[in-house]
Amino acid sequence: MIRSVCKKREEVRVTKPNEQPWRNWRHVVKLDPDRPLPENLLDALRESGTDAVLLGGTQRITYDNVSALLGSLRRHVPELPVWQEISSEDAVVDGVDGFAIPVVLNAGDPRWLIGEHVRALLKYRPFIDWSKVLVEGYLVLNENCAVAELTEAQTELTPDEAAAYAVAGEALLSMPVIYIEYSGTYGDPATVKEIARVVQNAHIFYGGGIDSYEKAAEMATLADTIIVGNALYRENWREVLEQTVRAAKST
Ligand SMILES: CC(C)=CCC/C(C)=C/CC/C(C)=C/CC/C(C)=C/CC/C(C)=C/CC/C(C)=C/CC/C(C)=C/COP(=O)(O)OP(=O)(O)O
Ligand SMILES: O=P(O)(O)OC[C@@H](O)CO
Ligand SMILES: [Mg+2]
């Protein structure tokens, strides 16, 4: 009986350590498919030393704008890994190097903890190569960002509470990545430090408000990977790119 049940199981590929390229990422650029890029940014990425690009945003993400941005990246920087951070099941594209799937640990609306994921699995499950999937346990900590509003995230957390969410993600839910998300504002180093202290094996992404060498260096000493988004859409994007990569690689 047991054997026949086992035979019926589909083969699920488990990711091996050498299939976790994100463990080597120190600096990542997050590009929003909904926003026009500064001229020459993509060419500058080629020489920048950044480790990967995440395609992601919260609002107005469509199949067409993700495909267009992916196409531009492949033309200008063919060697740079590009991962799609899925925020809408209708915008999933083919041809990326991997998929990052956010799960918002402190979501007030459970859709963003598991509901949307189940809906997407009903559609994509037979076609998924799980070795290309990275689950990100998001901790959304800036109450004034689009993702906090969408997910109704409980952002008022002490460092101890934030760390408990991170441990829940790592130890209870076996998440490989904990993403400390302050999108749009620079985070509280004490909170990031406490999370880094208690998390044992999960890889820590930090994102939010990084626009200088000093901020990048501070967060890069606490987190495994820093993610730079909004500041790349400003006039001084060249300086931001150069300084934040240099900080991430030298700390
Ligand atoms: C080709 C093929 C068959 C591929 C298979 C695809 C695949 C691997 C499918 C997996 C199925 C699956 C489980 C998909 C997930 C579906 C889904 C919609 C899940 C919900 C994700 C989620 C919690 C979204 C909420 C928003 C969020 C966390 C977005 C992440 C990006 C982010 C925070 C961007 C920051 O942007 P924003 O807040 O807009 O910041 P600024 O405006 O300030 O810049
Ligand atoms: O846009 P910023 O504030 O740099 O944040 C980066 C990233 O964490 C957003 O999801
Ligand atoms: Mg956005």
Side-chain angles (χ1 to χ4, degrees), residues 13 15 27-35 50 53-63 65-67 70 83-153 155 169 175 177-187 192 204-212 215-216 219 223 225-234 237 240-241 244:
R13 239 183 118 211
T15 309
H27 183 282
V28 167
V29 161
K30 189 178 282 191
L31 298 180
D32 187 338
D34 178 45
R35 294 176 78 172
T50 192
V53 174
L54 268 181
L55 302 181
T58 306
Q59 297 154 314
R60 297 174 299 277
I61 304 302
T62 64
Y63 177 85
N65 61 24
V66 178
S67 299
L70 175 62
W83 285 52
Q84 180 178 14
E85 192 170 47
I86 302 178
S87 55
S88 158
E89 69 166 67
D90 298 327
V92 173
V93 300
D94 218 349
V96 284
D97 297 296
F99 296 96
I101 314 285
V103 171
V104 180
L105 294 166
N106 59 334
D109 179 346
R111 268 172 72 195
W112 307 106
L113 189 57
I114 197 64
E116 291 296 309
H117 312 77
V118 172
R119 267 166 49 103
L121 287 172
L122 285 168
K123 186 163 160 187
Y124 293 111
R125 187 193 50 77
F127 315 108
I128 298 174
D129 173 354
W130 288 101
S131 71
K132 288 183 161 187
V133 172
L134 169 62
V135 177
E136 303 170 315
Y138 256 76
L139 204 41
V140 178
L141 295 172
N142 171 17
E143 65 173 333
N144 295 315
C145 69
V147 62
E149 193 179 333
L150 175 76
T151 63
E152 297 169 29
T155 56
M175 290 171 160
V177 163
I178 299 298
Y179 192 134
I180 306 173
E181 172 65 293
Y182 278 95
S183 179
T185 194
Y186 190 61
V192 179
I204 298 180
F205 283 1
Y206 169 85
I210 293 185
D211 58 7
S212 67
K215 289 176 188 165
M219 288 306 178
T225 303
I226 58 165
I227 297 175
V228 181
N230 279 303
L232 294 170
Y233 292 85
R234 297 187 199 134
W237 62 265
V240 169
L241 185 60
T244 58

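Atoms within a ligand are numbered from 1 in the order they appear, just like the ligands themselves. Heads up: numbering here begins at 1 and tracks the sequence.
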### Query
What is the distance from atom CZ of Phe99 to atom CH2 of Trp130, rounded to the nearest 0.5 Å?
11.0 Å
### Summary
Gly229 heavy atoms within 4.0 Å reach ligand 2 at atoms 1 (O), 2 (P), 4 (O), 6 (C)
### Query
Which ligand 1 atoms does Val133 reach within 4.0 Å, using its non-hydrogen atoms?
8 (C)
### Query
Rounded to the nearest 0.5 Å, how far apart are CD1 of Ile101 and CG of Leu134?
8.5 Å
### Query
Is the closest heavy atom of Lys30 to ligand 1 under 4.0 Å?
yes
### Query
At under 4.0 Å between heavy atoms, which part of Tyr179 makes contact with ligand 2: side chain, backbone, both or neither?
side chain
### Message
Would Thr185 count as being in polar contact with ligand 2, using the rule that some N or O on each side must be under 3.5 angstrom apart?
### Response
no
### Task
Establish, from distance only, whether the side-chain atoms of Glu85 and Tyr179 form a donor-acceptor pair under 3.5 Å.
no
### Query
Below 3.5 angstrom, do we get any N/O pair linking Ser87 and ligand 1?
no
#### Entry: Ligand-residue contact atoms, ligand 2 with Asn230, heavy atoms, under 4.0 Å
1 (O), 2 (P), 3 (O), 4 (O)
### Nearest-contact summary for atom 5 (O) of ligand 2 - protein heavy atom, Å
Gly208 N, 3.3 Å
### Query
Should you measure from each heavy atom of Gly207, which atoms of ligand 2 turn up under 4.0 Å away?
5 (O), 8 (O)
### Query
Counting distance only, does the side-chain N/O of Tyr138 pair as donor-acceptor with the main-chain N or O of Val147 below 3.5 Å?
no
### Message
Apply side-chain contact (heavy atoms from CB on, under 4.5 Å) to residues Trp83 and Leu54 and explain how you reach the verdict.
### Response
CA-CA 5 Å; Trp83 285 52; Leu54 268 181; 3.8 Å; yes
### Query
Which atoms of ligand 1 sit under 4.0 Å from any heavy atom of Ile101?
10 (C), 12 (C), 13 (C), 14 (C), 15 (C)
### Query
Would one find an N or O of Lys30, backbone or side chain, under 3.5 Å from an N or O of ligand 2?
yes
#### Entry: From Phe127, Tyr233, Phe99 - option closest to atom 3 (C) of ligand 1 by heavy atom
Phe127
### Query
For ligand 1, which atoms, with element, lie under 4.0 Å from some heavy atom of Val92?
4 (C), 6 (C)
### Task
For the pair Gln84 (side chain) and Ala91 (backbone), establish whether a donor and an acceptor sit closer than 3.5 Å, ignoring hydrogens and angles.
yes
### Query
Below 4.0 Å from any atom of ligand 1, is there a heavy atom belonging to Cys145?
no
### Query
Relative to atom 9 (C) of ligand 1, which among Leu54, Val118, Ile128 owns the nearest non-hydrogen atom?
Ile128
### Under 3.5 Å: donor-acceptor pair, side chain of Thr185, backbone of Gly209
no
#### Entry: Main-chain N/O of Val140 paired with Asn106 side-chain donor or acceptor, under 3.5 Å
yes
## Note on the structure
Ile210 and Met219 have their tightest heavy-atom pair at CD1-CB, 4.2 Å
### Query
With only distance considered, is Ile210 within less than 3.5 Å of ligand 2 through an N or O on each side?
no
### Task
Using a strict cut-off of less than 4.0 Å between a Lys/Arg side-chain nitrogen and an Asp/Glu carboxylate oxygen, indicate whether Asp32 and Arg60 qualify as a salt bridge.
no
### Message
Would Gly184 count as a polar contact of ligand 2, with the cut-off being nitrogen or oxygen pairs under 3.5 Å?
### Response
yes
### Message
Evaluate Asp94 for polar contact with ligand 1, using N/O atom pairs at a separation under 3.5 Å.
### Response
no
### Query
For the side chain of Ser87 and the backbone of Thr58, is there at least one donor-acceptor N/O pair under 3.5 Å apart?
no
### Query
So how far is it from Lys132 NZ to Ile128 CD1, rounded to the nearest 0.5 Å?
12.5 Å
### Query
Closest approach of Leu141 and Ile180, non-hydrogen atoms and distance?
CD1-CG2, 3.9 Å
### Task
Answer with yes or no whether Gly209 contacts ligand 2, where contact means a heavy atom under 4.0 Å from a ligand atom.
yes
### Message
Applying side chain to side chain donor-acceptor pair (under 3.5 Å), can you list everything that pairs with Asn142, at least two apart in sequence or on another chain?
### Response
none
### Task
Would you check the N or O atoms of Glu181, main chain and side chain alike, for any that come under 3.5 Å of an N or O of ligand 2?
yes
### Query
Touching ligand 1 at all, Ser88? Heavy atoms, strictly under 4.0 Å?
yes
### Of the listed options Ala120, Ser183, Gly184, closest to atom 11 (C) of ligand 1 (non-hydrogen atoms)
Ala120
### Message
Any nitrogen or oxygen of Gln59, side chain or backbone, less than 3.5 Å from one on ligand 1?
### Response
no
### Message
Using a 4.0 Å cut-off to any heavy atom of Glu181, which atoms of ligand 1 qualify?
### Response
33 (C)
### Message
With heavy-atom distances below 4.0 Å as the criterion, list the atoms of ligand 1 near Asn230.
### Response
41 (P), 43 (O), 44 (O)
#### Entry: Contacting atoms of ligand 2, where contact means under 4.0 angstrom from a heavy atom of Ser183
3 (O), 5 (O), 9 (C)
## Note on the structure
Contact region, Glu85 to ligand 1, non-hydrogen atoms below 4.0 Å, reads side chain
### Message
What verdict does the side-chain contact (heavy atoms from CB on, under 4.5 Å) test give for Asp109 and Val104, after you've listed the backbone C-alpha separation in whole Å, the side-chain angles of each residue and the deciding distance to 0.1 Å?
### Response
CA-CA 9 Å; Asp109 179 346; Val104 180; over 6 Å; no
## Note on the structure
Distance col, row Leu70:CG vs Tyr63:OH, nearest 0.5 angstrom, shows 9.5 Å
### Message
Any atom of ligand 1 sitting under 4.0 Å from a heavy atom of Asp32?
### Response
no
